[in-house]
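To start, the structure under review is shown below, and the notes come after it.
Whatever order the structure lists them in is the order used to number ligands and atoms, beginning at 1. In this text the structure is predicted, and so the values were computed from the model without any measurement.
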Amino acid sequence: MRFPLALTAKIARHIIKHKTLRTPKFALVLQLEPLHTCNLTCTGCGRIREYSTSLKDMMTLEDCLASARECEAPMVSICGGEPLIYPKIEELVAGLLQQGRIVYVCTNGMFMRKKMKDYLASIYTPAMEATLSRLLAENLISTKDAEAIRKGKQDGRPAIKPSKWMYWNVHIDGLEYTHDLIVEREGVFKECVEAVRMAKMLGYQVATNTTVYKETDAKEIEQMFEFFSSLEVDGHTISPGYEYDAAKKDMVKRLNKQPEDFFLTRKMTREKFAKIQEWGERFTIFGTPVYQEFLAGKRELTCTAWAIPTRNIKGWKAPCYLMTDGHYARYQEMLEKVDWNKYGVVNGIARDARCENCMVHCGYDPSGALGTNYQRGDNWKNIKYNFGPKPRPYYEGRKVNAFNGFSVGKGHLAEAKAAINTGVAAGNSQRDELLAKIAAKKEG
Ligand code: SF4
Ligand code: SF4
């Protein structure tokens, strides 16, 4: 089966229950942002910028757990900021699992090995020496780490353990050169790969989480899937990125420029995702086949952002993960007070200018699962996809030249930083400038 039966059944039960009760709007996935602090400063990251005044603030553990109970989403994606910085992350994961939720820990991967060493310490017995030897042989832990693990976990707190209900969801936006450029730090890709390898050795479920930008090369994304498939990851989340910028919109109008010069337009998204259905056959891509058809430009969907609500330090963020028109104290209050008919794109017409080019996962993937814009055969497609055989690991992917950046002496960060400090074209964001360097530099 492509996805674990227990997880698929849990989500299906939730949808059927609310359909039977005729609940007009309900949550499928909670995007929980306990904090916005991050150890990285990725170019153009909306979170660390939009919430820059609250980087030191964080939600209490009780608020986090209460938010999940409040919206009753069967899945919770713990994001941020970097959730592994959250001081009570272990308690949060344990608490959500105790509530019976499917938990995704969306991480940039830098602290994953630390958390897994902590887990090993929590369960250490001499019988685990073989595992430690393997990890040492693969350079995934040091001898100093092994000694610390043997001492056992000292702080009396829980650890993040492997569970069929939990995934590490590791942020990877390309192969080494591209990824390190986007996250603005050399060595991050390498660390992520090591964390993924260690997680798989210890029996965790791991997914990758990729955002596709205007400059993203679809061929590279395919190679990235091939490479991570060879590491036996359990799935991939992929979504077009999108940022609305009124200043850029104005440039399009005033200077008669093409929207493509500034935005990842719907047309461009469809071109980049032209092979998404083929990828869905070859790799375990999370998301419904209906959403995949939408991304590939084969059908329209309407936005159901209320089904993937975001809860952060300020409250329930409306209308969606990307746009902030307000924060509400309660999920139900947000559902009732927001005029949802103001958002999204219907029959090619944007109800809100900011939604015009949006095809993001958090707005449209639930539409596929919930049967909004239902077409005959959709249910069957979803069932066939979920219950179909899981794609086998693609071991040929080991041959992909994944370490094409700083690992082979093609460090680029100083150069890229210099690039953004000079000659930033009017109207172009730092991300545009930085990513525009990717294609040229990769060839160099
Ligand atoms: S890792 Fe995530 S939260 Fe941190 S800066 Fe990058 S995109 Fe933002
Ligand atoms: S289409 Fe939906 S998800 Fe996209 S920006 Fe608009 S409200 Fe948000």
Side-chain angles (χ1 to χ4, degrees), residues 25 29 31-52 54-55 77-86 105-112 169-174 179-185 188-189 191-192 195 209-211 213 237 239-246 263-266 269 291 294-295 300-310 312 317-326 334 338-346 348-367 372-373 430-431 434:
K25 291 183 177 64
V29 183
Q31 307 239 85
L32 183 61
E33 299 179 341
L35 81 178
H36 290 114
T37 310
C38 191
N39 54 314
L40 296 180
T41 51
C42 303
T43 310
C45 166
R47 281 309 182 265
I48 57 168
R49 288 173 179 84
E50 179 178 353
Y51 292 96
S52 59
S54 63
L55 286 184
S77 199
I78 311 175
C79 24
E82 169 52 49
L84 295 188
I85 293 178
Y86 185 59
V105 181
C106 299
T107 173
N108 60 38
M110 296 302 280
F111 299 125
M112 258 174 81
N169 198 15
V170 188
H171 167 197
I172 305 276
D173 282 344
H179 184 71
D180 284 358
L181 187 61
I182 288 173
V183 302
E184 292 194 33
R185 191 182 297 179
V188 174
F189 180 85
E191 178 58 40
C192 287
N209 180 14
T210 303
T211 306
Y213 298 102
T237 313
S239 172
Y242 178 55
E243 80 185 300
Y244 176 83
D245 184 331
F263 297 104
L264 178 65
T265 62
R266 284 194 151 204
T269 298
Y291 178 57
F294 170 67
L295 287 174
E300 287 298 337
L301 288 175
T302 48
C303 167
T304 48
W306 40 264
I308 306 198
T310 299
N312 63 31
K317 182 179 181 299
C320 66
Y321 183 77
L322 296 179
M323 292 198 315
T324 315
D325 285 349
M334 177 177 83
V338 171
D339 181 0
W340 298 97
N341 293 325
K342 276 184 8 194
Y343 300 106
V345 179
V346 178
I349 312 286
R351 289 154 148 182
D352 184 306
R354 296 168 297 176
C355 299
E356 187 179 345
N357 288 301
C358 173
M359 298 178 84
V360 301
H361 153 267
C362 61
Y364 292 91
D365 194 18
S367 318
T372 325
N373 316 91
Q430 287 192 344
R431 175 179 287 284
L434 258 180

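The side-chain heavy atoms of Leu301 and Thr372, taken from C-beta on, include no pair separated by under 4.5 Å. Inter-residue side-chain proximity for Met112 and Leu84 is flagged as met; some heavy-atom pair is nearer than 4.5 Å. Under the 4.5 Å side-chain criterion, counting only non-hydrogen atoms from C-beta, Arg354 is not in contact with Leu322. Counting heavy atoms from C-beta outward, Ile85 and Asn39 have side chains that approach closer than 4.5 Å. Residues Lys342 and Asp352 are not in side-chain contact: their nearest non-hydrogen atoms beyond the backbone lie 4.5 Å or more apart. Using a 4.5 Å cut-off on side-chain heavy atoms (C-beta onward), Cys358 and Val345 make no contact.
Donor-acceptor pairing under 3.5 Å is recorded for the side chains of Asn108 and Glu82.
Closer than 2.8 Å to atom 8 (Fe) of ligand 1 sit the protein N, O or S atoms Cys45 SG. Counting only distances under 2.8 Å, and ignoring water, the protein N, O or S atoms around atom 2 (Fe) of ligand 2 are Cys303 SG.
Applying the salt bridge (charged side-chain N to carboxylate O under 4.0 Å, His left out) rule to Arg351 yields no partners; only residues at least two apart in sequence or on another chain are considered. Considering only residues two or more places apart in sequence or on other chains, Phe294 meets the ring pair (Phe, Tyr, Trp, His ring centres under 6.0 Å) condition with Tyr364.
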**Q.** Check against side-chain contact (heavy atoms from CB on, under 4.5 Å), Val338 and Tyr343
**A.** CA-CA 10 Å; Val338 171; Tyr343 300 106; 3.8 Å; yes
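Among all protein heavy atoms, the one lying closest to atom 2 (Fe) of ligand 1 is His171 ND1, 4.3 Å.
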